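Let me begin by presenting the structure, written as structure tokens, before commenting on it.
Just so you know, ligand 1 is whichever comes first in the structure, and atom 1 is the first atom listed for that ligand. Please read all numbers here as calculations on a predicted model, not as lab measurements.
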Amino acid sequence: LVEAIANQVGVALIQAEAYAHLEDLNQQLAALDRTRSNLVAITGHELRTPLSTIQVCLESLSTEPDMPPELRQVMLNTALSDAERMRKLIQDFLTLSKLESGRVDWNPEPLALPECIDLGLSHIRARHNPQDLPQIITHLPENLPLIEADGEWLVEVLAKLLDNACKFTPHKGKITISAHPRDKRMLQVTVADTGRGIEPKRLETVFDRFYQEEGALQRTTGGTGLGLAICRQIIQRWGGMIWAESQGKDQGSSFHFTLPIIPSVETPPLKNKKRT
Ligand code: ADP
């Protein structure tokens, strides 16, 4: 009888645990569903704005054949830049969804930071007019340890941080890239600029999806508001952190992130073996 009761108690306990698990799963699914609906709503809004502009421009171009050539050019340029904005938005949105749903095939490899920085810088030089770029300085100690991450994605993080630093720093300003081992486990990388800075209360919000200080309508820098959310997903994948620091408006900003160091294999000292 004691054995039967014990069995029943055991079964009841397992059932209770399974129910608790199911309840937990239900809550997680509901949260995911809320996130998905939010994303669909925000993305719909963000796409509709440039699409409406393109439509207005094309309509004017087709219904006003006598439009002065300068105005025609302005209309064409506006339509083209909004089409480019939509393309970037869709690309960043797909990248973020892929990262968030864990559908990325990561390729971990030992990486030398200076090479990744060089690749990040060449992306920036290809994207910006050299005359518009602020001065860019790299301060790296010698013998930096190798880090473990996926090279392509790390270059993506560096390019996005550098791109932001360029966008929000006047061309007489300065961008400094530096790095140092934070402890034995993690390397800290910093991209600092002397640009427009970030208010203290926004230092965390800048990592939210679609956050842009100007808001969607006054946006002048052509970003999507998804770059830092993408960076955070990538860095967190490797157990690192990413955060922003700024003393406030016009005081410049620093973006820091950490990545795991690959422990160097120390070769044991050779023993003097006696020849026989
Ligand atoms: P965006 O595509 O707009 O650059 P991000 O996610 O990369 O999107 O950045 C979000 C917002 O964070 C930017 O629109 C800007 O308001 C702020 N931000 C990012 N980097 C900087 C920086 N270096 N200096 C000042 N503000 C920045």
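Few gaps surround CD on Q251; more than 12 heavy atoms of other groups in view lie less than 6.0 Å from it.
Here the shortest heavy-atom distance to atom 21 (C) of ligand 1, taken over F168, F210, F207, belongs to F168. The nearest non-hydrogen atom to atom 17 (C) of ligand 1, considering only L226, D163, V206, comes from V206. When the heavy atoms of C231, S254, G197, A244 are ranked by distance to atom 25 (C) of ligand 1, first place goes to G197.
At under 3.5 Å, a nitrogen or oxygen of G227, whether backbone or side chain, sits near a nitrogen or oxygen of ligand 1. When only interatomic distances are considered, the shortest N/O to N/O separation between G225 and ligand 1 falls below 3.5 Å.
Residue-level proximity to ligand 1 for I198 is carried by the side chain, the only part with a heavy atom below 4.0 angstrom. With a heavy-atom cut-off of 4.0 Å, R202 does not touch ligand 1 at all.
Ion pairing of E204 with R232 is present here, as a side-chain N (NZ or NE/NH1/NH2) and a carboxylate O approach within less than 4.0 Å.
Side-chain N/O atoms of N77 and Q73 include a donor and acceptor closer than 3.5 Å.
At a 4.0 Å cut-off, not a single heavy atom of K160 sits close enough to ligand 1 to count as contact. Under a 4.0 Å heavy-atom criterion, K167 is in contact with ligand 1.
By the 30° and 60° cut-offs, the orientation of the rings of W106 relative to W153 is tilted.
With ligand atoms numbered from 1 in the order given, ligand 1 contributes 10 (C), 11 (C), 14 (O) to contacts under 4.0 Å with heavy atoms of Y211.
T194 places a side-chain N or O within donor-acceptor distance of the main-chain N or O of K174, the cut-off being under 3.5 Å.
Among all heavy-atom pairs drawn from K184 and I261, the shortest one is O-CD1, 3.8 Å. The minimum heavy-atom distance between N107 and D150, with the atom names listed, is N-OD2, 2.7 Å.
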